[in-house]
Amino acid sequence: MPAPDMPATDTASPAVPAPGIFWLTRDFRFDDNPALLAALAEGPLAVHFFLDRLTLAQGAASRWRLERALRAFDAELRRRTGGTGITLWQGEPEAVFPALLQSAGARSIHQSDWPAPEMRALQTRVRNAVQRVGGELVLHAGHLLVHPRLLRTQQGAGFKVYTPFARALRRIGPDRPAPDAPQRITAQACAFAPAPAAGIPAPLPAIPDLAPDLHRGRAALETFALPAGEAAHARFGAFLDQAAGYGDLRDRPDLEATSGLSEHLALGEISPRRIWARARLAAEADPAAPRGSGASCPR
């Protein structure tokens, strides 16, 4: 979000290049984030997040964890940019993006694809809205090892059984992870209120409490929740150090034998492609290490 003392502007200054717009949804990471890198290649980076109907429909615990992901990503973005963070909107993306593109002098919006029905519907609304002002929504490989359209049976349908699905995935192999974003990012805050129009709000000045309806469960979450953001990489590294017994011990709830990465993966704080690549590198570095039995994918 823009710093509190940063003045809002209604139009893009002709002396400042148009920003590369990254629509942050479920990809709170700087490593292996093709959408963020594509936006960065277009101009000064501008990161936008929306508290829209789809986001606010989540349960209170999910919104609580989302807030932690937002704060961690915003803090890291500010560190890399020298002070510019996420621009946060309350409202629907299709209502804001057209005016935002015009005011910023930008044409493209970059987003990590998430092939779920609700997100597909939202992407369609955004695409139709920005096309009316000459803009485009550009989708990039998101949170999956490979895009679902590549994993099909010989009859062209989706898999319903895990074993043939796993074989097909290994045969195709995952996409190569994208590099980390630069430690120093030039950022331009698109922190302006578009020209007054019905249904278009001004950006929020700060990240709010996203789970005010979370009552008794809040203390438990705050006590036992894992660190958010880039801490996911450290947790995965620690898991790799003791992963040899995973296949035999993963069903022992009394032992710390699993990766504990589920919430990090759900929010895109670490990429499954990066997990695959690091795990293969570790296996190749020590091929004699015991593997254990059972499934090969950590959970």
Side-chain angles (χ1 to χ4, degrees), residues 1-28 30 33-52 54-55 70 73-113 119 122-140 142 181-182 184-207:
M1 287 173 302
D5 58 349
M6 185 177 295
T9 56
D10 291 334
T11 59
S13 169
V16 178
I21 294 179
F22 172 48
W23 178 14
L24 177 62
T25 47
R26 292 181 63 174
D27 42 8
F28 293 88
F30 292 83
N33 194 330
L36 185 149
L37 292 177
L40 191 58
E42 289 193 351
L45 180 66
V47 180
H48 297 269
F49 185 85
F50 289 82
L51 298 179
D52 56 5
L54 190 59
T55 299
L70 268 172
F73 189 94
D74 185 67
E76 177 63 14
L77 181 62
R78 288 179 184 276
R79 186 187 72 79
R80 296 192 184 208
T81 61
T84 301
I86 300 168
T87 300
L88 186 66
W89 304 85
Q90 182 148 11
E92 301 308 305
E94 65 269 26
V96 173
F97 269 137
L100 188 146
L101 286 176
Q102 291 181 308
S103 298
R107 181 174 180 273
S108 302
I109 300 164
H110 296 275
Q111 186 207 16
S112 291
D113 194 12
M119 181 55 72
L122 176 57
Q123 288 166 341
T124 297
R125 295 195 298 272
V126 170
R127 183 178 293 110
N128 291 340
V130 300
Q131 282 178 346
R132 289 194 284 270
V133 297
E136 64 173 341
L137 173 63
V138 183
L139 302 180
H140 300 265
R184 182 66 179 172
I185 299 174
T186 302
Q188 169 188 340
C190 293
F192 57 87
I200 300 180
L204 297 176
I207 299 173

Reported [atom1]-to-[atom2] distance for the pair [X] and [Y], which is rounded to 0.5 angstrom:
{"X": "Ile207", "Y": "Leu88", "atom1": "CD1", "atom2": "CG", "value": "6.5 Å"}
{"X": "His110", "Y": "Leu45", "atom1": "NE2", "atom2": "CG", "value": "10.0 Å"}
{"X": "Leu36", "Y": "Ile185", "atom1": "CG", "atom2": "CD1", "value": "6.0 Å"}
{"X": "Ile21", "Y": "Leu137", "atom1": "CD1", "atom2": "CG", "value": "11.0 Å"}
{"X": "Leu51", "Y": "Glu92", "atom1": "CG", "atom2": "CD", "value": "10.5 Å"}
{"X": "Thr87", "Y": "Leu100", "atom1": "OG1", "atom2": "CG", "value": "8.0 Å"}

Set of residues satisfying salt bridge (charged side-chain N to carboxylate O under 4.0 Å, His left out) with respect to [X], sequence neighbours excluded:
{"X": "Asp52", "result": "none"}
{"X": "Arg26", "result": "none"}
{"X": "Glu76", "result": "Arg79, Arg80"}

According to side chain to side chain donor-acceptor pair (under 3.5 Å), who are the partners of [X], at least two apart in sequence or on a separate chain?
{"X": "Gln123", "result": "Gln111, Asp113, Arg120"}
{"X": "Ser108", "result": "Glu136"}
{"X": "Ser112", "result": "Asp27"}
{"X": "Gln131", "result": "none"}

Practice problem: Decide yes or no for Pro93 and Ile109: does some side-chain heavy atom of the first lie under 4.5 Å from some side-chain heavy atom of the second? | Solution: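 Counting from C-beta outward, Pro93 and Ile109 never come under 4.5 Å.
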Quiz item: By ring pair (Phe, Tyr, Trp, His ring centres under 6.0 Å), which residues pair with Phe97, not counting sequence neighbours?
Solution: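 Here the qualifying residues are Trp23, Phe50.
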Over all heavy atoms of both residues, which pair between [X] and [Y] is shortest? Give the atoms and the distance, please.
{"X": "Thr84", "Y": "Ala187", "value": "CB-CB, 3.7 Å"}
{"X": "Pro19", "Y": "Ala106", "value": "O-CB, 3.7 Å"}
{"X": "Thr25", "Y": "Phe49", "value": "O-CE1, 3.8 Å"}
{"X": "Phe28", "Y": "Leu70", "value": "CE2-CD2, 3.7 Å"}
{"X": "Val126", "Y": "Glu94", "value": "CG2-N, 3.9 Å"}
{"X": "Gly105", "Y": "Ala18", "value": "O-CB, 3.0 Å"}

Quiz item: Which residues pass the side-chain contact (heavy atoms from CB on, under 4.5 Å) test with Arg132, sequence neighbours left out?
Solution: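 By the side-chain contact (heavy atoms from CB on, under 4.5 Å) rule, Arg132 matches Asn128, Ala129.
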